[in-house]
Amino acid sequence: MTDDTSSDAASAPAASVAQKLEAILLIVEEPQSLVSLATAIGAPVPAVRQAIEGLVADYDGEASGPRRGFELREVGGGWRLYVREELDDLVSEFVNTQAPSRLSQAALETLAVIAYKQPVTRGQVASIRAVNVDSVVRTLLARGLITEVSTDPETGAIHYGTTDALLVNLGINSLDELPHISPLLDDVDTVGSDAFGEGIGR
């Protein structure tokens, strides 16, 4: 049985450049440059560029298939998959109906860091909290508490900030009304998240 399995694996066709790119693009949180993508899949940059162009056309329905509900978009010199703009409301509504009524402690702590240090990148938040915050940031985006403010033109990193929905949940008129904490951010995870926990998700 082992020999048959090994034989099947050996005879399986190798993944194409486009397939490898799709696998990477499905999991990345930030736009990826052609060089980064080429390095990730071990392919020449020209081949990656050609595959990207093919995927864009495919998703846009320019080939024989239908126009997809997502698109491959170049932002800040990098490439990333995005939900099409006309479907944003649909996706947000669906995610909100699936979301728990209260935010987790990790989400509250991440929200506190973003509120006090905005505009801030995902990497900067992760550095401050010393943990991966990818899933938490997605949750906060889905709940409408944070938004993408800008994209670094050089690195493609997305900067996040809070929305008016946060102010409404906290019952304040501006971020100036947030509790004052140490500029070193040692207390952000405790004081900040405790303050947010009083007004969000209850």
If you round to the nearest 0.5 Å, how far is CD of E109 from CD1 of I114?
12.5 Å
Report, as yes or no, whether the 6.0 Å neighbourhood of atom CD on E154 holds more than 12 heavy atoms from other residues, nucleotides or ligands.
no
Rounded to the nearest 0.5 Å, what separates atom CG in L145 from atom CG in L170?
8.5 Å
Distance-minimising heavy-atom pair for R84 and Y59
NH2-O, 2.9 Å
Transitive ILVMFWY side-chain link V17 to L26, under 4.5 Å:
yes
Judged by atom type as modelled, is there a donor-acceptor pair below 3.5 Å linking the side chain of T110 to the main-chain atoms of A106?
yes
Nearest atoms (heavy-atom pairs only) where A38 meets P44
CB-C, 4.3 Å
Within a reach of under 6.0 Å around CD of E85, are more than 12 heavy atoms found that belong to other residues, nucleotides or ligands?
no
Mind checking whether V137 and I146 have side chains closer than 4.5 Å, heavy atoms only?
yes
Same cluster or not: are F94 and L81 linked, directly or through other Ile, Leu, Val, Met, Phe, Trp or Tyr residues, by side-chain heavy atoms under 4.5 angstrom apart?
no
I'd like to check L25 versus R80 (side-chain heavy atoms, cut-off strictly below 4.5 Å). Are they in contact?
no
Can you give me the closest heavy-atom contact between T121 and Q124, atom names plus distance?
N-OE1, 2.9 Å
Closest non-hydrogen atoms of P31 and G156, given as atom of the first, atom of the second and distance, are CD-O, 3.3 Å
What's the spacing between F70 CZ and L87 CG if we round to 0.5 Å?
11.5 Å
Between the side chain of Q118 and the main-chain N/O of T162, is any donor-acceptor distance below 3.5 Å?
yes
Exercise: identify the closest heavy-atom pair between G144 and T163
O-OG1, 2.5 Å
Group every Ile, Leu, Val, Met, Phe, Trp and Tyr by side-chain heavy-atom contacts under 4.5 Å, then state whether V149 and L178 land in the same group.
no
So do the side chains of L140 and L103 get within less than 4.5 Å of each other, counting heavy atoms only?
yes
Within 45° cone and under 6.0 Å: R73 NZ/CZ vs Y82 ring:
yes
Is there side-chain contact between V28 and W79, with heavy atoms separated by less than 4.5 Å?
no
Please examine the side chains of V131 and V133, heavy atoms only from C-beta on, and report whether any two atoms are closer than 4.5 Å.
yes
Nearest heavy-atom pair of A115 and L175: which atoms, and what distance?
O-CD1, 4.5 Å
Does the pair E62/R68 count as a salt bridge with the N-to-O cut at 4.0 Å?
no
Rounded to the nearest 0.5 angstrom, the CG-CG distance for D58 and L72 is 10.5 Å
Selection residues 31-56 - residue pairs positive for side chain to side chain donor-acceptor pair (under 3.5 Å), sequence neighbours left out
S33-S36
Atom pair CG (L55) and CD (Q19), whose distance is rounded to the nearest 0.5 Å
10.0 Å
Before you tell me yes or no, could you show the steps for L37 and V45 under side chain to side chain contact (heavy atoms under 4.5 Å, CB included), namely the whole-Å CA-CA distance, both residues' side-chain angles and the distance that decides it to 0.1 Å?
CA-CA 8 Å; L37 291 171; V45 171; over 6 Å; no
Rounded distance [0.5 Å steps], OH in Y160 versus CG in L111:
13.5 Å
Side chain to side chain contact (heavy atoms under 4.5 Å, CB included) between R122 and I158, intermediate numbers included:
CA-CA 7 Å; R122 191 190 309 258; I158 298 173; 5.6 Å; no
Heavy atoms of other groups near D164 CG, more than 12 under 6.0 Å
no
Less than 4.5 Å apart, side chain to side chain, heavy atoms only: is that true for H159 and T151?
no
